[in-house]
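In what follows, a single structure is set out as structure tokens and then discussed.
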Amino acid sequence: MGRRLYIFKSGRLSRKNNTLFIENKNDNTKRYIPVENVSEIHIFGEVDFNKDALEFLSQNEILLHLYNKYEYYTGSFYPREHLRNGEILLKQAEHYQQPMKRLEIARKFVEGSIKNMITVIKYYNNRGKELSSTLKRLSDFLEEIKSVKNVDSLMGVEGNSRDAYYGAFDTIINDENFPFNVRSRRPPSNELNAMISFGNSIMYSTILSEIYKTHLDPSIGYLHTSNFRRFSLNLDVSEIFKPILVDRTIFSMLNKKTIKKSDFSSHLNGIYMNENGKMRFIEALEKQLSTTVQHPKLKRKVSYKYMIRLELYKLEKHFLGDEEYEPYVSRW
């Protein structure tokens, strides 16, 4: 299985015979990377590539994800869908167009998200952090989603639950060097918000890559409206996994002090991770994605990354009427 390739330096990505070739603009270093060793590419630096390189990626079914200099995901080169299935596509569209069917799936995404937030909060509450009020609020939101009548109302509950969850971050982290205060996105107002924004961007593209390996169409989402946005299903599924992958990565890095204030810099009234910070975060997130946990149905351990793929397979079964979709909920 190929690995995820991250490019932080500016330079050029090209094809040399049947190999990927990367030239670093600053120090003129050159690397050949066997294409069979790469599953997807994430580009953060100013990198040039030509049509020949894109054709080579397409032939090898490699997705390329792009981020701007402020860490935000900006788009993907999505090769021709090699597993497109007409029946799944029709069923996906049918579940979007029928309001109750769409609401049913969207509700499951929010349910999974809140339950996994509760799992994270319980973990720290059981270790002496006073988070009982947050647990109560999240439990109330979990009940509230049962009675919502449309997706817009559901989005409101989801937003409120996440605000309550973020309100616990200062208690969990308890580090005066990394205050959270309140969630801020564009631009992130401090280091913690920068980590959340960067981690969420990586999560969106990670799930998009996994969708590519299924029969699902990423442009049809249920919680996030399918409009002129190119992809939305990856945003839906990300809601389930952000608490247990992105947020746990952040807590682990801060608790182990593997990231420092010097890993951030300020631009345009915002705080962003610098190249060293991004590399440290990617390393920690990749470790979290490769962590294996017991799968409740398969009765064997699987990595979190493969757990994401299994989640998508469950959606396929739901669309086909084989099995009602239930979101993954972490047990620890």
Side-chain angles (χ1 to χ4, degrees), residues 1-26 29-84 197-221 224 228-238 241 245-246 272-273 275 277-279 281-283 285-286 289-290 305-306 308-309 312:
M1 179 181 295
R3 65 187 174 89
R4 287 140 60 98
L5 176 65
Y6 296 91
I7 302 177
F8 295 96
K9 307 287 187 184
S10 296
R12 184 170 182 78
L13 171 68
S14 60
R15 172 185 182 176
K16 291 285 185 184
N17 297 320
N18 287 317
T19 305
L20 289 171
F21 182 65
I22 300 175
E23 298 172 271
N24 188 323
K25 183 178 179 181
N26 295 327
T29 56
K30 300 173 182 177
R31 282 194 297 161
Y32 289 90
I33 301 176
V35 69
E36 59 270 19
N37 291 351
V38 179
S39 62
E40 57 194 88
I41 301 173
H42 298 251
I43 295 182
F44 296 92
E46 294 294 325
V47 176
D48 298 326
F49 44 84
N50 58 19
K51 178 172 170 283
D52 190 41
L54 291 179
E55 286 179 348
F56 190 49
L57 296 181
S58 183
Q59 290 167 8
N60 290 279
E61 299 173 356
I62 296 173
L63 276 71
L64 184 150
H65 303 295
L66 300 169
Y67 305 81
N68 66 18
K69 62 180 180 181
Y70 300 115
E71 306 164 359
Y72 296 117
Y73 166 77
T74 56
S76 298
F77 170 68
Y78 200 76
R80 184 179 57 194
E81 289 89 346
H82 64 117
L83 294 177
R84 180 61 65 85
S197 293
F198 183 69
N200 288 349
S201 287
I202 300 295
M203 186 54 47
Y204 299 145
S205 56
T206 295
I207 292 180
L208 180 61
S209 296
E210 292 303 309
I211 291 174
Y212 183 73
K213 298 164 188 169
T214 72
H215 298 105
L216 296 169
D217 189 316
S219 66
I220 305 177
H224 296 84
F228 297 106
R229 184 189 291 122
R230 180 70 177 90
F231 305 121
S232 50
L233 185 60
N234 58 328
L235 305 183
D236 288 355
V237 178
S238 292
F241 289 96
L245 294 178
V246 176
Y272 300 91
M273 275 190 279
E275 183 180 319
K278 292 174 191 172
M279 292 174 67
F281 190 94
I282 292 293
E283 182 181 4
L285 183 59
E286 285 290 331
L289 281 165
S290 62
K305 187 177 179 184
Y306 190 58
I308 294 171
R309 181 97 58 85
L312 300 169

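We count residues from 1, following the sequence as given. FYI, side chains are in, hydrogens and waters are out, and symmetry mates aren't considered; it's all heavy atoms of this structure. Here the structure is a predicted model, which is why all the values come from computation and not from measurement.
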| Within 6.0 Å of CG in Asn26, more than 12 heavy atoms from elsewhere | yes
| note | Partner of Arg15 under side chain to side chain contact (heavy atoms under 4.5 Å, CB included), picked from Phe56, Phe49, Phe21, is Phe56
| message | Looking at every non-hydrogen atom in both residues, tell me the closest pair between Ser238 and Asn234 and how far apart they are. | response | OG-O, 2.6 Å
| request: Using a strict 4.0 Å threshold on nitrogen-to-oxygen distance, state whether Lys9 and Glu275 make a salt bridge. | output: yes
| Ring centroid separation Tyr212 to Phe231 under 6.0 Å | no
| Just wondering, more than 12 heavy atoms not from Gln59 lying within 6.0 Å of its CD? | yes
| query | Would you call Glu210 and Lys213 a salt bridge, taking side-chain N to carboxylate O under 4.0 Å as the test? | reply | yes
| Does His224 offer a backbone N or O that forms a donor-acceptor pair with the side chain of Asp236 under 3.5 Å? | yes
| Heavy-atom side-chain proximity of Arg3 to Ser39 below 4.5 angstrom | no
| task | May I ask you to decide if Leu66's main-chain N or O and Thr74's side chain share a donor-acceptor pair within less than 3.5 Å? | result | yes
| task | Can you measure from CZ (Phe44) to CD1 (Ile7) and round to the nearest 0.5 angstrom? | result | 10.0 Å
| said: Does any part of the side chain of Ile308, heavy atoms only, come nearer than 4.5 Å to the side chain of Leu245, both counted from C-beta? | reply: yes
| message | For a 4.5 angstrom cut-off between non-hydrogen side-chain atoms, does Ile207 reach Leu233? | response | no
| Taking C-beta and beyond as the side chain, do Leu63 and Pro79 meet within less than 4.5 Å on heavy atoms? | yes
| query | Taking everything shown except Glu55 itself, do over 12 heavy atoms lie less than 6.0 Å from its CD? | reply | yes
| How long is the span from the OH atom in Tyr78 to the OG atom in Ser209, to the nearest 0.5 Å? | 8.0 Å
| message | Rounded to the nearest 0.5 Å, what separates atom CD1 in Ile282 from atom CD1 in Ile202? | response | 4.0 Å
| message | Between Lys305 and Arg4, does the side-chain contact (heavy atoms from CB on, under 4.5 Å) criterion hold? Intermediate values first, please. | response | CA-CA 12 Å; Lys305 187 177 179 184; Arg4 287 140 60 98; 3.5 Å; yes
| task | Would you please test Asn18 and Val35 for side-chain contact (heavy atoms from CB on, under 4.5 Å) and show each step? | result | CA-CA 7 Å; Asn18 287 317; Val35 69; 5.8 Å; no
| Asn60 side chain to Ile62 main-chain N or O, any donor-acceptor pair under 3.5 Å? | no
| request: State, with a plain yes or no, whether a side-chain heavy atom of Leu20 is found less than 4.5 Å away from one of Asn37. | output: no
| field | Leu289 CG to Thr206 OG1 distance, which is reported to the nearest 0.5 Å | value | 6.0 Å
| said: Nearest 0.5 Å, please: how far is CG in Asn24 from CZ in Phe8? | reply: 13.0 Å
| Residues forming a side-chain contact (heavy atoms from CB on, under 4.5 Å) with Ser205, sequence neighbours excluded | His42, His65, Tyr67, Tyr73
| field | Chi angles and distances behind the side-chain hydrogen bond (donor to acceptor under 3.5 Å, both in side chains) call for Tyr6, Glu286 | value | CA-CA 11 Å; Tyr6 296 91; Glu286 285 290 331; 2.6 Å; yes
| field | Approximate separation, where rounding is to 0.5 Å, of Ile211 CD1 and Asp217 CG | value | 9.0 Å
| Hey, does the side chain of Ser58 reach the backbone of Leu54 with a donor-acceptor pair shorter than 3.5 angstrom? | no
| So, the side chain of Asn17 versus the backbone of Thr19: is there a donor-acceptor pair under 3.5 Å, distance only? | no
| said: Using modelled atom types and a 3.5 Å cut-off, is there a donor and acceptor pairing between side-chain atoms of Ser232 and backbone atoms of Ser219? | reply: yes
